[in-house]
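Worth knowing before you read on, the calculation uses all heavy atoms, side chains too, and leaves out hydrogens, waters and symmetry mates.
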Number of protein chains: 2
Amino acid sequence: MRADARRNYDRIVEVAREVFREQGYDASLDEVAKRAGVGPGTLYRHFPTRENLLDAIMQSWVDRVTETADKALAFEGSDRDLLLNWFEQYVALISQHKGGPAKLTSAMGDPSSPIRTKCQVLSESNGRVLDELRAHGSLRESVDAIQVSRLVGGVATIADNSDLDVAQVRPMLEVIADGLLT
Amino acid sequence: MRADARRNYDRIVEVAREVFREQGYDASLDEVAKRAGVGPGTLYRHFPTRENLLDAIMQSWVDRVTETADKALAFEGSDRDLLLNWFEQYVALISQHKGGPAKLTSAMGDPSSPIRTKCQVLSESNGRVLDELRAHGSLRESVDAIQVSRLVGGVATIADNSDLDVAQVRPMLEVIADGLLT
DNA sequence: TTGCTAAACGGAGAGTGCCTCCGTATTGTT
DNA sequence: AACAATACGGAGGCACTCTCCGTTTAGCAA
């Protein structure tokens, strides 16, 4: 990759992160290009679809998911609290920018999605937490990680769309947690 | 309302229902107007926003919600099955056209939404089912209708976005049901 | 019927976003 | 310095939203 290309690529991602945070994930891409000081052509060459751009943006914070799951697993307390704690963090992670929860959760389980790698990281992290609980024998049977990702992702999606705060989200996560645990 | 206005209003709603079913709720409104044989001006005079048009479309089938709740309440069987049965029908009802679950569930609890009356019908129906279970003493405390509408609506939203079938939705509804019941 | 007015129509067009094409510029190599 | 190869960028085509306003029509009254 040529030096100028690399420069533009990085700049676009940086600006896009900012614009998406301000205006939601359906902000104008021409606007992103303009603010980044490049032509629309350049943006679309690097990121043929909006999805590709999102993918690049999310990279950094999806990296944090695994790490967050590690911490959640080290939690000292009841299994229910462990799970709830993890769910809250999970919701926060996928809600970094508007439209994120819907995007990520809808692509869950779709092998042809451009953001499939992100989704895998998410459901794997959920899987690890579930395995831990299963090892404790406190998890109901026939629960799989994708289902849980969808359930919690669904709550996150609604919370995102309706601008709900943590206090309104928590009781819903409790219902899901109680439904999963024995 | 003048006769020609009434005629156009009805025709637009009818055509829109068809177009939205075919192309999802973000189909072109000019296209709707064209197919209805009216100018865009006419469409926008009757329905200043897309939301207003959706509102009119959904009227007919939101009417069926109350009726469906009645039937669900007459169900003979365990409380868990009653609840699951209702949830499945609820999901089917709000998933009549693409984008419906997200629209309806996101507006839940927002008094300024143009579709607030629809949402009220939905959460009231959920409320009635919950009251029944509460009367049986099989419902956990501190559960309210809007929360449940959001939880189940969240599942419906994800299912709608990812084209999930009933077999994939059911286990998620079971988790929610189990989380709600004692 | 005819005439009148309020109500309603409809389509041209401005504004905006998406995305592509291709002439121009930059990079890095020989 | 010359030359590919690579990348740039913006003009412009297309699609959609929404408005404005000149034209048409419904409904009523004489």
Side-chain angles (χ1 to χ4, degrees), chain A residues 1-58 97-100 102-103 106-107 112-115, chain B residues 1-58 97-100 102-103 106-107 112-115:
Chain A
M1 196 178 206
R2 241 170 60 174
D4 53 347
R6 166 98 265 153
R7 221 170 23 238
N8 281 327
Y9 182 101
D10 290 342
R11 176 130 187 75
I12 290 170
V13 171
E14 183 187 345
V15 168
R17 187 172 286 133
E18 181 184 308
V19 172
F20 285 163
R21 195 168 31 233
E22 282 173 24
Q23 315 185 10
Y25 106 99
D26 37 2
S28 160
L29 296 187
D30 278 17
E31 160 77 15
V32 171
K34 196 186 298 177
R35 263 211 235 178
V38 303
T42 300
L43 188 152
Y44 284 100
R45 197 169 338 95
H46 285 305
F47 308 99
T49 69
R50 179 183 294 274
E51 223 80 4
N52 290 138
L53 180 50
L54 280 175
D55 194 45
I57 287 177
M58 295 185 301
H97 59 76
K98 213 152 188 55
K103 273 289 153 212
S106 300
S112 69
S113 166
I115 56 172
Chain B
M1 195 177 207
R2 240 169 62 172
D4 52 347
R6 168 96 265 155
R7 218 166 32 235
N8 281 328
Y9 182 101
D10 290 343
R11 176 130 186 73
I12 290 170
V13 171
E14 182 187 347
V15 167
R17 187 173 287 132
E18 180 184 308
V19 172
F20 285 164
R21 195 169 31 233
E22 282 173 21
Q23 315 185 11
Y25 104 101
D26 36 1
S28 160
L29 295 187
D30 277 18
E31 160 78 14
V32 171
K34 195 185 299 177
R35 262 210 234 179
V38 303
T42 299
L43 187 150
Y44 283 99
R45 194 167 340 93
H46 286 304
F47 309 99
T49 69
R50 182 183 294 274
E51 222 82 3
N52 291 138
L53 180 50
L54 279 175
D55 194 45
I57 286 178
M58 295 186 300
H97 58 75
K98 209 146 191 62
K103 274 288 153 214
S106 301
S112 68
S113 165
I115 57 172

### Task
Sugar-phosphate atoms are those with a prime plus P, OP1 and OP2; base atoms are the rest. Using that split, label each nucleotide of nucleotides 5-17 of chain D B, S or - for protein heavy atoms under 4.0 Å, 5' to 3'.
BBSBBBB----SB

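Not a single ring-ring contact (aromatic ring centres under 6.0 Å, His included) links B:Tyr25 to another residue, sequence neighbours left out. Remark: A:Asn8 engages no residue in a side-chain hydrogen bond (donor to acceptor under 3.5 Å, both in side chains) (not counting sequence neighbours). Evaluation of the side-chain hydrogen bond (donor to acceptor under 3.5 Å, both in side chains) rule for A:Glu18 yields A:Arg35 as partners, not counting sequence neighbours. A:Arg2 is linked by a side-chain hydrogen bond (donor to acceptor under 3.5 Å, both in side chains) to A:Asp4, counting only residues two or more places apart in sequence or in another chain. Listed by chain and residue number, nothing satisfies the side-chain hydrogen bond (donor to acceptor under 3.5 Å, both in side chains) test with B:Ser28 (two or more places apart in sequence, or in another chain). Judged as a side-chain contact (heavy atoms from CB on, under 4.5 Å), and not counting sequence neighbours, the contacts of B:Phe47 are B:Tyr9, B:Ile12, B:Val13, B:Asn52, B:Leu53, B:Ala56.
We find the CD1-CD1 distance between B:Ile57 and B:Ile115 to be 11.5 Å, quoted to the nearest 0.5 Å. Here the CE atom belonging to A:Met58 is positioned 11.0 Å from the CZ atom belonging to A:Arg17, to the nearest 0.5 angstrom.
For residues 5-15 of chain A, the pairs satisfying salt bridge (charged side-chain N to carboxylate O under 4.0 Å, His left out) are A:Arg6-A:Asp10, with sequence neighbours left out. The list of salt bridge (charged side-chain N to carboxylate O under 4.0 Å, His left out) pairs with a residue in residues 40-51 of chain A, not counting sequence neighbours, reads A:Glu51-A:Lys103.
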Which pairs, protein N/O on one side and nucleotides 28-30 of chain D N/O on the other, fall under 3.5 Å?
none

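With a cutoff of under 4.0 Å to any heavy atom of chain B, the contacted region of DNA chain C is bounded 5' to 3' by C:dA6 to C:dA12.
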